[in-house]
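Inspection log for the structure reproduced underneath, given as structure tokens.
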Amino acid sequence: METNGPKVGEKVLSLTFDGGPTPPHTDNILGVLKRYGARATFFLRGDQVAARPEAARRICAAGHEIGNHSYSHPTLPATNFQEVEREILRAEKVILATTGIKVRLFRPPWGQTDPKIDALIARLGYSKVLWTYSSRDWTLPGSETIARNIVDGAADQAIVVMHDHIAQLPEALELALPQLREYRFVTISEMLERGAKLPSQLNRESTP
């Protein structure tokens, strides 16, 4: 796994995966990332971590970053506010117990929040992480189309959202990553260390 510091003029891209861990797809993704020396950020669901703890530990052992994606993936603005807080903290607890990592990045399900929830996320010590563009892998358009979406949306300091329960995704990454050799694949934390600004809201076109 490549961990060298930034180079002058280097372009970076952050690969992010939501909703796992979901073996065997997560493990297949890890294999592709390893072959291309790519680091990524995985936003994990608490219930998935509880059900598949070894898979969560494999993500960390491979050198990738993890974040909180709630416990059961509710639509937060439509959820009782106290339950929203429980969703975040319950996921935090199981991720910490499983991996030993106290995560500080939070991605809301479907990217949906409101000002009150944003304030809660910050109060709990999290940075809210949305994305710049979507692979649209959830529409199951086929590996070639997903790969094209990943490549076509790429830009310096961009964040692409993907889902590691999608069976077509490992093959899509095998097709896409060789076309993105001009980029260094970095975690969200590495992106922030470079002074990048996280998007505060989603573009209307940027569905999950």
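Proximity of Q179 to I150: side-chain heavy atoms (C-beta onward) are nowhere separated by under 4.5 Å. Taking 4.5 Å as the limit, every side-chain heavy atom of R184 sits out of range of all side-chain heavy atoms of K11. K102 places none of its side-chain heavy atoms less than 4.5 Å from the side chain of K93. Counting heavy atoms from C-beta on, the side chains of D114 and L76 never come closer than 4.5 Å. For the pair E174/Y36, a side-chain contact is recorded, criterion being any heavy-atom separation below 4.5 Å from C-beta on. Counting heavy atoms from C-beta on, the side chains of I59 and P21 come closer than 4.5 Å. Side-chain contact between T132 and V160 is absent, with no heavy-atom pair separated by less than 4.5 Å.
Considering every non-hydrogen atom in both D156 and Y183, the closest pair reads N-CE2, 3.7 Å. A91 and Y71 get closest at one heavy-atom pair: CB-N, 3.7 Å. The two atoms that bring N149 and Y133 nearest to each other are O-CE1, 3.4 Å, heavy atoms only. Minimum heavy-atom separation, C60 to I66: SG-CD1, 3.7 Å. The nearest pair of heavy atoms linking F43 to L105 is CE2-CB, 3.9 Å. In terms of heavy-atom proximity, A158 sits nearest to L13 at O-CD1, 3.5 Å.
Between P23 and the choices E54, Q48, R52, the side-chain contact (heavy atoms from CB on, under 4.5 Å) rule is met once, by R52. Between R107 and the options T16, L130, T41, a side-chain contact (heavy atoms from CB on, under 4.5 Å) holds for only T16. In summary, of the residues considered (R86, R104, R45), a salt bridge (Lys or Arg N to Asp or Glu O under 4.0 Å) with E92 occurs for R104 alone.
Proximity of a side-chain donor or acceptor of H64 to a complementary backbone N or O of A40 within less than 3.5 Å is detected. Remark: the backbone N or O of E190 is paired with a side-chain donor or acceptor of T187 at under 3.5 angstrom. Between the N68 side chain and the I88 main chain, a donor and an acceptor come within less than 3.5 Å of each other.
If you check the side chains of D137 and H163, you find a donor sitting under 3.5 Å from an acceptor. Side-chain contact, E87 with S72: a donor N or O sits under 3.5 Å from an acceptor N or O.
Taking the six-membered ring where the residue is Trp, H73 and W110 present perpendicular rings, their angle passing 60° and hence far from 30°.
Under the rule for a side-chain hydrogen bond (donor to acceptor under 3.5 Å, both in side chains), Q168 has no partner lying at least two apart in sequence or in another chain. Annotation: ring pair (Phe, Tyr, Trp, His ring centres under 6.0 Å) contacts of H25 (sequence neighbours excluded): none.
Taking the ring centre of F185 as origin, the terminal cationic atom of R39 falls outside the region bounded by 6.0 Å and 45° from the ring axis. Note that K128 lies outside the cation-pi zone of F106, set by a 6.0 Å cut-off to the ring centre and a 45° limit from the axis.
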task: In sequence, state the C-alpha distance, the side-chain angles, and the governing distance for R194 and E10, and then conclude on side-chain contact (heavy atoms from CB on, under 4.5 Å).
output: CA-CA 11 Å; R194 292 164 173 262; E10 181 181 52; 2.9 Å; yes
message: Does D164 form a side chain to side chain donor-acceptor pair (under 3.5 Å) with T26? I'd like the steps, not just the answer.
response: CA-CA 5 Å; D164 59 352; T26 303; 3.1 Å; yes
field: Test side chain to side chain donor-acceptor pair (under 3.5 Å) applied to D118 and T113, step by step
entry: CA-CA 6 Å; D118 285 344; T113 62; 2.8 Å; yes
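With respect to the salt-bridge test (charged N to carboxylate O, under 4.0 angstrom), the residues E83 and R90 do not qualify.
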